[in-house]
Amino acid sequence: MSDNTFAEDIHQGLSAPLKQISSKYFYDDIGSVIFQDIMKMPEYYPTACEFEILSLQGEKIIDKLSFAEPFNIVELGAGDGIKTRQLLKQLMEKGIDFSYVPVDISGKAIDELKTNMLSHLPSLKIKPLIGNYFSMIGELSSSSTPNLFLFLGGNIGNYEAEEVRALLTGFHRNMKAGDKLLTGFDLQKNPATIRLAYDDPQGITRDFNLNLLNRINRELGGNFNLNQFEFYSFYNPLNGEVRSYLVSLKAQRVSISQSGKSYQFSQNELIWTELSKKYTLKDIERTAVENGFEVMEHFLDCKHYFTDSLWIKP
Ligand code: AVI
């Protein structure tokens, strides 16, 4: 992503009536390390739940695919691949013939993932692709090899309803009939459990959010004083949305030297940073059908906190 896109998005976001910074900007080098820490927190349950699903139900998932081998397992936004590795390991132990195709826009992320995967699974057939999800899905679907696309981690929860529609129609348009999509959804549950996952007592999620301001300071020459902003997140069990914010603790003006622009904050003014939507199984089924998919099965963890939902493009 060019500096210009970042600078333009920040300018637009800070000029809006409800100021906002997109959650996609969490993941610079520092933010990615903080996110690793979040995934290790006991309060942040989704990682352990999805790890359990892929470790214990890998065989069930693969049986359900009923692909004539060999097939591709295509991971969209692979991250560190630890959870996916559980699934791949089981397939390799069963002697199933497949290729693992991680797709990411970042060549660096792909290189690290490849090295890491091969250090654990040296005989894995890995064919990484660098680029945009839709064009890579389209490219893979032009061959007759069946594909299982993975969109794990509950990332779909970070998209607004219209963005979910755009994403899933893009996946659908580029997939071929019979291809499958396995998507991770965080499920609605006791509101207190969800609230704690996004407002941890150690303040790791707070630092994750404040890093956005630090990133603007570092990359765009901003002069945000991090002591003058606090983190606030709120789960609304009536609509399943966690929304996270930074709060300006006083009236203040912040400047960005790279663009020469400045932004006025009133006391207690919010910057919206993230949506983390929690779904019901009914929501997931409606979302699948509205976007042209059929649900094959939901694979839930033992606490029923999270599901990897398997869909087919009919
Ligand atoms: C990446 N994504 C699914 C995480 C989530 O749960 O929304 C990011 C995150 N934000 C705060 N904690 C974790």
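Whatever order the structure lists them in is the order used to number ligands and atoms, beginning at 1. Below, all heavy atoms of this structure are taken into account, side chains as well, without hydrogens, waters or symmetry copies.
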Asker: Run the numbers on Ser32 and Gln36 for side chain to side chain donor-acceptor pair (under 3.5 Å), then give the verdict.
Answerer: CA-CA 6 Å; Ser32 300; Gln36 295 291 327; over 6 Å; no
Asker: Among residues two or more places apart or on two chains, list those pairs meeting ring pair (Phe, Tyr, Trp, His ring centres under 6.0 Å) that have a residue in residues 59-80.
Answerer: Phe67-Phe71
Asker: Just grab all the salt bridge (Lys or Arg N to Asp or Glu O under 4.0 Å) pairs involving residues 110-133, residues at least two apart or on different chains.
Answerer: Asp97-Lys125, Lys108-Glu112
Asker: Would you mind listing each N/O atom of ligand 1 next to any protein N/O under 3.5 Å, plus the distance?
Answerer:
from	atom 1	to	atom 2	distance (Å)
ligand 1	2 (N)	Asn158	OD1	2.9
ligand 1	6 (O)	Tyr44	OH	2.5
ligand 1	6 (O)	Tyr198	OH	2.5
ligand 1	7 (O)	Asn158	ND2	2.8
ligand 1	7 (O)	Ser276	OG	2.7
ligand 1	10 (N)	Glu274	OE1	2.8
ligand 1	10 (N)	Glu274	OE2	3.2

Asker: Between side-chain atoms of residues 163-170 and protein atoms elsewhere (two or more places apart, or another chain), which donor-acceptor pairs fall under 3.5 Å?
Answerer:
from	atom 1	to	atom 2	distance (Å)
Glu163	OE1	Glu160	N	2.7
Thr169	OG1	Arg165	O	2.4
Thr169	OG1	Ala166	O	3.2

Asker: Using only atom types and a distance under 3.5 Å, with no angle test, would you say the side chain of Lys313 pairs donor to acceptor with the backbone of Gly178?
Answerer: no
Asker: Quick one: does NZ or CZ of Arg215 land under 6.0 Å from the six-membered ring centre of Phe6, within 45 degrees of the ring axis?
Answerer: yes
